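One structure is given below, encoded as structure tokens.
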Amino acid sequence: MGLFGKLFGALKKTKDGFSGKLRALFSKNKLGNEFYEELEEILISSDVSVTTAEEVVHRVKKQAIAEKLKDEAYVTGLLRNVLIEMLQEAEVEPPEYPCVIMLVGVNGVGKTTTVGKLAHYFLSQGKSVTVAAADTFRAAASEQLSVWADRAKVRIVKHEEGSDPSAVIYDAVSSAKAKKTDVVIVDTAGRLHVKENLMNELRKMDRVVSREYPEADFLKLLVLDATTGQNAVNQARVFDEAVELDGIVLTKLDGTAKGGFVFSLSAELSLPVLYAGVGEKMDDLEAFDAETFVEAIL
């Protein structure tokens, strides 16, 4: 099953809630202020932020009035186009090689698992991969990553528990340069986004990569649990301020009925979703596609 099929399955909960409410709205309301107010409420109930919901409705209403559209299919198509445009406005180019991808995020979102899945993804693209176990804080974190590295059949660079995470990254980058590795994927310790000392540690790791490997394309990606809903936007805002994020990796997309916060990430923070996890298997992570995502929830 390709990403299209997997994403449709993963987003079934979001689609059931969102498209069902849309159909009910069209059945009882003609286009007008009441219709647009309720459309805004439907978006918010799917965890689109108030600010973003207002912007979506404003764009739909403006075009519908300009084109004198009143038919349900046309207005649904208009909504689809607005949502796709909103996601595409934040899109970035795929990484160039060599590249370093550092995954950050709070505890329990699936960073280590995502490292393994990303490693598998890049291997499937014909790239050589090294993973770096820079989570030296959590007990057995490097052992867990070793299991994923073994499954994906990639090299791993790790130090003893409690060692300096930046030293792990230094060694991983040095090794990658020597071996001309295409991709280095860095696992970092989960941290509460309110802990300034932990954020400073991330900034230090950021500086090590930028200083030691300036020729590499360096991406800092926030791993977000899709079931977190709107709170994910708050997490993204704080991590973005700390390390200037390049994008998002979504996990547990198959467990949420409120995927609407993805639009808020794009509209308010200009942060694109680059990869999405749609299941628990090694190959259940793919490059995110805006059109497919919108089709899957409408």
Side-chain angles (χ1 to χ4, degrees), residues 95 98-119 129-149 154-177 181 183-225 228 231-251 265 269 271 273-275:
C99 75
V100 177
I101 297 175
M102 185 167 78
L103 300 184
V104 303
V106 301
N107 292 304
V109 293
K111 284 188 301 301
T112 304
T113 302
T114 299
V115 172
K117 290 180 177 180
L118 269 178
V129 180
T130 292
V131 299
D135 180 355
T136 59
F137 178 75
R138 183 168 58 91
S142 63
E143 283 81 0
Q144 184 188 354
L145 187 60
S146 292
V147 171
W148 278 100
V154 296
R155 292 178 59 249
I156 181 171
V157 175
K158 59 182 179 178
H159 287 189
E160 291 180 0
E161 189 180 316
S163 56
D164 184 354
S166 294
V168 179
I169 291 179
Y170 179 88
D171 284 356
V173 163
S174 299
S175 172
K177 285 198 289 186
T181 305
V183 186
V184 178
I185 307 172
V186 181
D187 188 22
T188 64
R191 59 204 68 227
L192 291 169
H193 49 285
V194 294
K195 296 285 187 181
E196 187 59 26
N197 59 323
L198 294 176
M199 287 302 189
N200 286 335
E201 190 179 72
L202 279 184
R203 294 183 186 103
K204 181 181 176 184
M205 290 187 260
D206 183 339
R207 289 194 298 273
V208 169
V209 176
S210 299
R211 183 184 69 232
E212 300 298 328
Y213 209 3
E215 64 270 35
D217 194 1
F218 182 25
L219 298 180
K220 289 154 282 186
L221 304 184
L222 177 65
V223 181
L224 286 175
D225 179 338
T228 306
N231 189 46
V233 180
N234 299 328
Q235 287 181 25
R237 185 173 281 110
V238 178
F239 276 95
D240 190 33
E241 289 170 358
V243 293
E244 295 183 7
L245 297 170
D246 296 288
I248 304 293
V249 181
L250 281 182
T251 64
L265 290 170
L269 301 179
L271 284 174
V273 176
L274 299 185
Y275 305 97

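Keep in mind that what you see is a predicted model, and the values were worked out from it rather than measured.
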Would you tell me whether H159 and D164 have side-chain atoms, one donor and one acceptor, within less than 3.5 Å of each other?
no
M199 side chain reached by F239 side chain, heavy atoms, under 4.5 Å
yes
Working to the nearest 0.5 Å, report the span between OG of S146 and NZ of K158.
3.0 Å
Side chain to side chain contact (heavy atoms under 4.5 Å, CB included) evaluation trace for L250 with Y275
CA-CA 6 Å; L250 281 182; Y275 305 97; over 6 Å; no
How long is the straight-line distance from OG of S142 back to CD of E160, given to the nearest 0.5 Å?
10.0 Å
Would you check if T113 and T251 make a side-chain contact, meaning some heavy-atom pair closer than 4.5 Å?
no
Taking T136 for its side chain and S163 for its backbone only, find out whether a donor-acceptor pair lies under 3.5 Å.
yes
Kindly indicate, with the supporting measurements, whether the criterion side chain to side chain contact (heavy atoms under 4.5 Å, CB included) is fulfilled by V208 and Y213.
CA-CA 8 Å; V208 169; Y213 209 3; over 6 Å; no
Run through D246, D206, D240, T188 and flag the one making a side chain to side chain donor-acceptor pair (under 3.5 Å) with K220.
D206
List the steps and the verdict of side chain to side chain contact (heavy atoms under 4.5 Å, CB included) for Q235 and V106.
CA-CA 8 Å; Q235 287 181 25; V106 301; 3.7 Å; yes
Pair Q144, V147 - check side chain to side chain contact (heavy atoms under 4.5 Å, CB included), show working.
CA-CA 5 Å; Q144 184 188 354; V147 171; 5.8 Å; no
Using 0.5 Å steps for rounding, measure from the CG atom of L274 to the CG atom of L118.
9.5 Å
Between the side chains of T181 and R155, is a donor N or O closer than 3.5 angstrom to an acceptor N or O?
no
Taking the side chain as every heavy atom from C-beta outward, state whether V186 and L103 have any atom pair closer than 4.5 Å.
no
Heavy-atom closest pair, residues A134 and I169
CB-CG1, 4.1 Å
Atom CD of E244: over 12 foreign heavy atoms under 6.0 Å
no
Do R203 side-chain atoms and A242 backbone N/O form a donor-acceptor pair below 3.5 Å?
yes
Rounded to the nearest 0.5 Å, how far apart are CG of L265 and CG of L245?
10.0 Å
Over all atoms of both residues, closest heavy-atom pair of A176 and V184:
CB-CG2, 3.3 Å
Over all heavy atoms of both residues, which pair between A236 and L222 is shortest? Give the atoms and the distance, please.
CA-CD2, 3.3 Å
Check D135 with K111, please: is the shortest side-chain N to carboxylate O separation under 4.0 Å?
no
Are F218 and S210 packed together at the side-chain level, in the sense that at least one heavy-atom pair is separated by less than 4.5 angstrom?
yes
Can you measure from OG (S166) to CE (M205) and round to the nearest 0.5 angstrom?
5.5 Å
Determine whether L224 and V109 make a side-chain contact, defined as any pair of heavy atoms from C-beta on separated by less than 4.5 Å.
no
Please find the pair of heavy atoms, one from V131 and one from A119, that lie closest to each other, and give the distance.
CG1-CB, 4.3 Å
Is any side-chain heavy atom of T130 closer than 4.5 Å to a side-chain heavy atom of V157?
yes
Pair D187, T112: side-chain N/O donor-acceptor within cut-off below 3.5 Å:
yes
I'd like to know if the side chain of S175 reaches the main chain of A172, judged simply by a donor and an acceptor atom lying under 3.5 Å from each other, with no hydrogens or angles considered.
no
pair T228-N231: side-chain heavy atoms closer than 4.5 Å:
yes
With a 4.5 Å cut-off on side-chain heavy atoms, are V223 and V104 touching?
no
